[in-house]
Protein chains: 2
Amino acid sequence: MARAATTSDAFNAIAEPRRREILVYLAVRERPVGDIVTALGFEQPSVSKHLRVLRKVGLVHMRCQGRQKLYRTNAEAIRPLHEWAGTFERYWQHQLQRIKERAESTIKNARPISNPKEKS
Amino acid sequence: MARAATTSDAFNAIAEPRRREILVYLAVRERPVGDIVTALGFEQPSVSKHLRVLRKVGLVHMRCQGRQKLYRTNAEAIRPLHEWAGTFERYWQHQLQRIKERAESTIKNARPISNPKEKS
DNA sequence: TTGACATATTCCCATAAGAGAATGTAATTT
DNA sequence: AAATTACATTCTCTTATGGGAATATGTCAA
């Protein structure tokens with residue numbers, strides 16, 4: 001099996017850097033596709049394709065207004081990612097603590113660095 | 001250009017569901033590869049390959065102990081993801097607010113939808 | 001040394017991709 | 001209706017998978 005589709009879920013969708021840029025850009029307020037093209041400097045077809053992926057996983061909303069389509073980031077859809085990453089928060093706190101402790105003990109018991117290459 | 005390598009950054013690495021499972025499993029404490037295989041039920045070569053990806057982007061640490069290798073999640077490396085997603089927090093709060101307000105006003109001033117195309 | 005155990009790597013294959021170019025489509029304007 | 005504007009889709013091509021099977025590497029035990 002090859003890699004999962006970018007449209008399979010939000011995790012896959014945000015793996016692409018340009019899609020993350022688009023999400024940031026569209027977070028403030030809705031914008032037509034042309035604005036994204038101008039602001040971020042990507043090719044228009046590329047933007048449309050990325051928007052399609054983002055839409056399929058619900059990361060952006062769209063509404064039509066005349067001949068333009070207005071897109072906006074659906075911040076709610078990013079929440080699960082935030083929460084998933086947040087479950088590790090307690091661990092990185094512990095790790096910082098451990099690193100700190102190790103650093104302190106290293107300073108206290110300072111001794112010459114042993115050379116692993118010394119044969120005898 | 002094809003899709004970016006899973007080893008290009010943490011965002012790409014966590015796009016794979018099994019790698020996320022491994023990260024969760026290894027967050028509590030370090031474990032040998034065999035434990036992961038048993039606990040999650042993946043093929044051993046598959047686990048090794050996923051661990052290699054996770055290692056390349058710094059999401060797990062490894063140390064050798066006899067003939068086994070002990071892996072542990074490096075929670076610190078997940079922090080950037082958490083922070084990136086967190087930048088949208090203010091927007092999802094606003095959106096909830098907006099949705100709430102819209103629902104209320106819709107009930108109060110029920111009237112036909114105005115047509116934006118009206119020129120004057 | 002030989003064998004068992006724990007991992008890692010390699011090969012093959014089907015799939016999904018993202019970029020670029022060209023083209024299609026719908027809504028506006030003249 | 002014809003031209004224009006704003007997007008979306010399709011096609012081609014190169015690249016990166018991720019799984020399964022087989023194999024290689026490294027370490028400890030007898």
Side-chain angles (χ1 to χ4, degrees), chain A residues 1-23 25-26 30-57 59-72, chain B residues 1-23 25-26 30-57 59-72 115-120:
Chain A
M1 195 192 292
R3 208 207 292 207
T6 56
T7 51
S8 60
D9 58 46
F11 284 96
N12 276 282
I14 67 160
E16 171 63 40
R18 299 187 168 199
R19 281 197 285 268
R20 290 199 298 276
E21 286 191 63
I22 292 174
L23 285 175
Y25 183 65
L26 295 176
E30 63 181 4
R31 303 271 199 178
V33 179
D35 280 16
I36 307 174
V37 171
T38 303
L40 305 184
F42 308 151
E43 295 292 326
Q44 176 267 311
S46 175
V47 170
S48 283
K49 280 184 272 188
H50 284 313
L51 287 171
R52 178 145 98 141
V53 171
L54 292 171
R55 244 188 111 185
K56 271 197 182 155
V57 299
L59 280 167
V60 298
H61 285 152
M62 186 268 274
R63 78 185 173 92
C64 297
Q65 186 186 57
R67 62 181 142 187
Q68 40 188 20
K69 313 214 174 174
L70 303 176
Y71 285 85
R72 180 173 50 78
Chain B
M1 194 191 295
R3 191 173 174 179
T6 56
T7 52
S8 60
D9 58 45
F11 284 96
N12 276 282
I14 67 161
E16 171 63 39
R18 299 186 168 201
R19 283 197 284 267
R20 291 199 297 277
E21 286 190 63
I22 292 175
L23 284 175
Y25 182 66
L26 295 177
E30 62 181 4
R31 303 271 200 177
V33 179
D35 281 16
I36 307 173
V37 172
T38 303
L40 306 183
F42 308 152
E43 296 291 327
Q44 177 267 310
S46 175
V47 170
S48 283
K49 281 184 270 188
H50 284 313
L51 286 172
R52 176 144 100 142
V53 171
L54 292 172
R55 245 187 111 185
K56 271 198 184 155
V57 299
L59 280 166
V60 298
H61 285 152
M62 184 269 274
R63 77 185 174 93
C64 297
Q65 187 186 56
R67 61 182 141 186
Q68 42 188 18
K69 313 214 174 173
L70 303 176
Y71 286 85
R72 179 173 51 77
N115 185 342
K117 275 186 267 179
E118 275 177 35
K119 273 294 171 79
S120 57

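Proteins come first, then strands; the chains are lettered A, B, ... in the order of their sequence lines, and each starts at number 1.
- If you take CD of B:Gln65 and P of C:dT7, they are 10 Å apart, rounded to a whole angstrom.
- Remark: A:Arg18 engages A:Glu16, A:Phe42, A:His50 in a side-chain contact (heavy atoms from CB on, under 4.5 Å) (not counting sequence neighbours).
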Could you walk me through whether B:Thr6 and B:Arg19 satisfy the side chain to side chain contact (heavy atoms under 4.5 Å, CB included) test, starting with their C-alpha distance in whole Å, then the side-chain angles of each, then the deciding distance to 0.1 Å, before giving a yes or no? CA-CA 11 Å; B:Thr6 56; B:Arg19 283 197 284 267; 3.3 Å; yes

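- Regarding B:Glu16, its CD atom lies at a distance of 17 Å from the P atom of D:dA16, rounded to whole Å.
- For B:Ile22 and C:dA8, the CD1 to P distance is 11 Å, given to the nearest whole Å.
- Rounded to whole Å, atom C1' of D:dA16 lies 12 Å from atom NZ of B:Lys56.
- Interatomic distance, B:Gln44 CD to B:Thr38 OG1, rounded to the nearest 0.5 Å: 11.0 Å.
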Carefully, step by step, assess B:Leu26 and B:Leu54 under the rule side chain to side chain contact (heavy atoms under 4.5 Å, CB included). CA-CA 11 Å; B:Leu26 295 177; B:Leu54 292 172; 5.8 Å; no

Strictly under 4.0 angstrom, non-hydrogen atoms only: write out the protein contact profile of nucleotides 3-15 of chain D, one letter per nucleotide from the 5' end, B, S or -. -BBSBBBB----B

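- The NE2-P distance, from B:His50 to C:dT7, rounds to 16 Å in whole Å.
- Within the 3.5 Å criterion, the main-chain N or O of B:Ala15 finds a donor-acceptor partner in the side chain of A:Asn12.
- Between A:Glu43 and A:Thr7, the residue anchored nearer the 5' end of DNA chain C, judged by the nucleotide with its closest heavy atom, is A:Thr7.
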Stepwise, does the side chain to side chain contact (heavy atoms under 4.5 Å, CB included) test hold for B:Leu23 with B:Val60? CA-CA 8 Å; B:Leu23 284 175; B:Val60 298; 3.8 Å; yes

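- At whole-Å resolution of the value, CZ in B:Phe42 and P in C:dA8 are 16 Å apart.
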